[in-house]
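Worksheet: one structure, shown below.
The chains referred to below are lettered A, B, ... by the order of the sequence lines, with proteins before strands, and numbering in each begins at 1.
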Number of protein chains: 2
Amino acid sequence: MSDFFRSGSKGRTFKAFWDEMGNSVNLKELSQRLQLSQTTVSRALNGYPEVSPATRARVAEMAEQLGYMPNSQARRLATGRSMAIGHVIPRSIHEMMNPIFLEFIAGAGETYSKHGYDMILSVVEDADEEEAYRQIATRKKADGVIIHGPSRTEHRHKLLQGLNLPFVVHGRIPGAEEETSWIDMNNRRAFERATNLLLDLGHTRIALLNGLEYMDFAHRRREGFENALAARNLTADPELMRSADMTEPFGCDNAISMLRLDNPPTAFLVSSMITAIGVARAVGQCGLQTGKDVSIITHDDALSFLPNSGEVPIFTCTRSSVRYAGQKAAELLLDMISDPFQKPSSLHLDAELIIGQSTGPAP
Amino acid sequence: MSDFFRSGSKGRTFKAFWDEMGNSVNLKELSQRLQLSQTTVSRALNGYPEVSPATRARVAEMAEQLGYMPNSQARRLATGRSMAIGHVIPRSIHEMMNPIFLEFIAGAGETYSKHGYDMILSVVEDADEEEAYRQIATRKKADGVIIHGPSRTEHRHKLLQGLNLPFVVHGRIPGAEEETSWIDMNNRRAFERATNLLLDLGHTRIALLNGLEYMDFAHRRREGFENALAARNLTADPELMRSADMTEPFGCDNAISMLRLDNPPTAFLVSSMITAIGVARAVGQCGLQTGKDVSIITHDDALSFLPNSGEVPIFTCTRSSVRYAGQKAAELLLDMISDPFQKPSSLHLDAELIIGQSTGPAP
DNA sequence: ACCTTTATCCAAACCGCTTTGGATGCCAAC
DNA sequence: GTTGGCATCCAAAGCGGTTTGGATAAAGGT
């Protein structure tokens, strides 16, 4: 064995060899080859001060040569930190939040990678959600978790507080804003501004196609909508408000049925680009023109596969990057983990109101 | 301490207490409270035969009472299996495959949960992709990985074979079909059938809006398209073939420019629902009617937020559930892991050709 | 010249679990 | 009455790292 090693003069050879074998060196072997103790090698690699520069360099070089990487399970066990963040996705939520969720995940994932954390994703049956959190905490699968899509009657934070598992909420938990860390966009204000824009354009019959209103974000958006109307002494027509999963057909079907009313809406305020696309389709099918006969404002999560940019965006929108939110949420959480005695902190993002082609003065 | 334990007669109390503390029992404590060795307790809980039924029951009950769950890092270290599957997503791929990717992940995740596996997701810069795989293998972060979106000049499988890390390909690697395990739909045949349908309806000028053709799936789809044309002595007009990220604007912009040609296409064959929606928008904007003036067939990955079902689906499509593919890929991989000497196996799914509202005879 | 730092390095304990290689007691068999 | 076989259970040795509590030698202080 030692002959083999001596035979190769260039480090590359070793590494290539080991890689080809799928065989990795462990700390013990590495330290033996260096004639050093495991302690010293470990310290050298982890940047502790009690190692001479010369030794540290020697260790680093040999480690590089042999392609040494510490076994993560062993390290996690020894340090007691799992260096992973958990995301639990009940199937129902997942089906609903699909693309937005992924974009958030992508943002968070970037932050995790940057800090050496892993992301573990659990897709579970709705009924198993609590158990999933319990396992993450008890089996020490992750050092923290992110709560997705808080509802108006949220309870997960209680569970997590009980389990003593750090978490950050994407969105806000009504009534627990002070005691939890969260990141959210200003849903109410965004929809209030959007509504005002429509009102300023002369629209008075405005339809709202919202997400499921037991979700906190959707509820807030509706409040913003209603507040803006109320401020001008208008009141929302229940017939013009729908709330459901934000799919394309949801937008199309409801828009069609509303546009066929005796007193149809002249504008739509929509909670998601995908649904807005459905509305646009409906407008076309009714022989009308978007931005002329019918105005549409949608919330735009800045999903990469649904770009709404360009010189003049297709849709007038309230925009807030959910990927950015993911990055920030991850940063918040990693902060909390590194200092467990920090008090909760939050980030409130403001959506931009961007004028596109889909709005115009009321006909 | 022992007084505390004795005081609660109902198991619930203990569990609640521990949970509230976020304090979990370990094997040592559990075995001490049972007056048994760790060996016996471990064996009892893991179903080994050398434990008497009575003891096993006692152990099970106490474990339940104390809410004992084995620390996963410790278990992984001891068994040498990490009980996790890795998914590496370079940012570029991610941005392109966004919704399809998530749907696949969701399917795979269901299978993992069912089998007690975790999913670890790494979102990395493109340049770090190889390193990510190397780390997964060398640091033993996962027992296997899934390769997403193989290109025509794929190389990841070589790396993984070298690292001795089991993997399953979602899609196919040209030239390595025999030596790798994969799951794929029959892209070529699906697009051949779709093209034939259009030809049968009398269309001769058919446009192809394809995904990026350095990706294997897109290349195959194009082959299917061209084969079908060739079989009728037709040849594809390069001006009617585009290939790019499958976004909505990609569909809309290109459809518009094509429809404005002197000799415009009467039908579109599209690689993704999202792009097809863009095409439909373009058709509307040109004052034409989908399914009458212009026919559209799209591939439908059965994404949950873009349902294309109903009595008569909006789009005529070739459909294949990518979520199902995820489930199956995961099963394949877990099989491989449980029996490392298995030879590679694959699953070839056939897409359904479903007639919707978006096709009709050529005008 | 002697004692205290200081800089390096090491042996061994530990993290919490699985697993190997017995030990023990009991019963049927010779 | 010894022996062999079973059924149970256990002590201890890993797994591969990190970390504690010195040991050793060189440097510095008086």
Side-chain angles (χ1 to χ4, degrees), chain A residues 18 23-60 62-63 66-84 116 118 135-141 143, chain B residues 18 23-60 62-63 66-84 116 118 135-141 143:
Chain A
W18 287 119
N23 243 329
S24 41
V25 200
N26 61 19
L27 184 60
K28 192 169 163 192
E29 292 166 354
L30 177 58
S31 64
Q32 280 169 357
R33 286 188 48 67
L34 281 161
Q35 305 268 52
L36 285 171
S37 75
Q38 296 191 29
T39 309
T40 304
V41 176
S42 171
R43 284 182 161 154
L45 293 173
N46 291 318
Y48 284 75
E50 50 271 87
V51 179
S52 75
T55 308
R56 191 189 302 279
R58 239 183 87 224
V59 170
M62 181 66 78
L66 301 188
Y68 168 74
M69 291 188 189
N71 177 306
S72 23
Q73 331 294 353
R75 189 206 283 254
R76 295 192 226 261
L77 177 57
T79 58
R81 315 208 305 150
S82 67
M83 296 300 286
D118 287 335
Q135 290 205 8
I136 288 179
T138 312
R139 319 184 93 119
K140 306 265 158 57
K141 285 191 177 186
D143 297 325
Chain B
W18 287 118
N23 243 328
S24 42
V25 200
N26 61 18
L27 185 59
K28 192 169 163 193
E29 291 166 355
L30 177 59
S31 63
Q32 280 168 357
R33 286 188 47 66
L34 280 162
Q35 305 268 52
L36 284 172
S37 75
Q38 297 191 29
T39 309
T40 304
V41 176
S42 171
R43 285 183 161 154
L45 292 173
N46 291 320
Y48 284 75
E50 51 271 86
V51 178
S52 75
T55 308
R56 190 188 303 278
R58 239 181 88 221
V59 171
M62 181 66 77
L66 301 189
Y68 168 74
M69 291 187 189
N71 177 305
S72 22
Q73 332 293 355
R75 188 203 283 253
R76 295 192 228 261
L77 177 57
T79 59
R81 315 209 305 150
S82 68
M83 295 301 285
D118 287 335
Q135 290 206 7
I136 289 178
T138 312
R139 319 184 93 116
K140 305 265 158 59
K141 285 190 177 184
D143 298 325

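Rounded to whole Å, the distance from CG on B:Leu36 to P on C:dA23 is 20 Å. Regarding B:Glu50, its CD atom lies at a distance of 14 Å from the C1' atom of C:dA23, rounded to whole Å. Between the CD atom of A:Gln32 and the P atom of D:dG16 there is a distance of 13 Å, given to the nearest Å. Atom CG of B:Leu34 and atom C1' of D:dT8 are 15 Å apart (whole Å).
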Per-nt protein contacts along nucleotides 13-20 of chain C (heavy atom under 4.0 Å; B base, S backbone sugar-phosphate only, - none) come out as --BBBBBB
Verify side chain to side chain donor-acceptor pair (under 3.5 Å) between B:Ser42 and B:Thr39, making sure each step is shown before the conclusion.
CA-CA 5 Å; B:Ser42 171; B:Thr39 309; over 6 Å; no
Just do the side chain to side chain contact (heavy atoms under 4.5 Å, CB included) check on A:Leu45 and A:Val59 with the steps written out, would you?
CA-CA 7 Å; A:Leu45 293 173; A:Val59 170; 3.8 Å; yes
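Heavy atoms only, all atoms of each residue included: B:Arg56 and B:Ala44 are closest at NH1-O, 2.9 Å. The two atoms that bring B:Lys140 and B:Ser82 nearest to each other are O-CB, 3.5 Å, heavy atoms only.
In terms of modelled atom types and a separation under 3.5 Å, the side chain of A:Asn71 and the main chain of A:Gln73 share a donor-acceptor contact.
A:Thr55 comes within 4.0 angstrom of the backbone, heavy atoms only, and of no base.
Here the CE atom belonging to B:Met83 is positioned 8.0 Å from the CG atom belonging to B:Asp118, to the nearest 0.5 angstrom.
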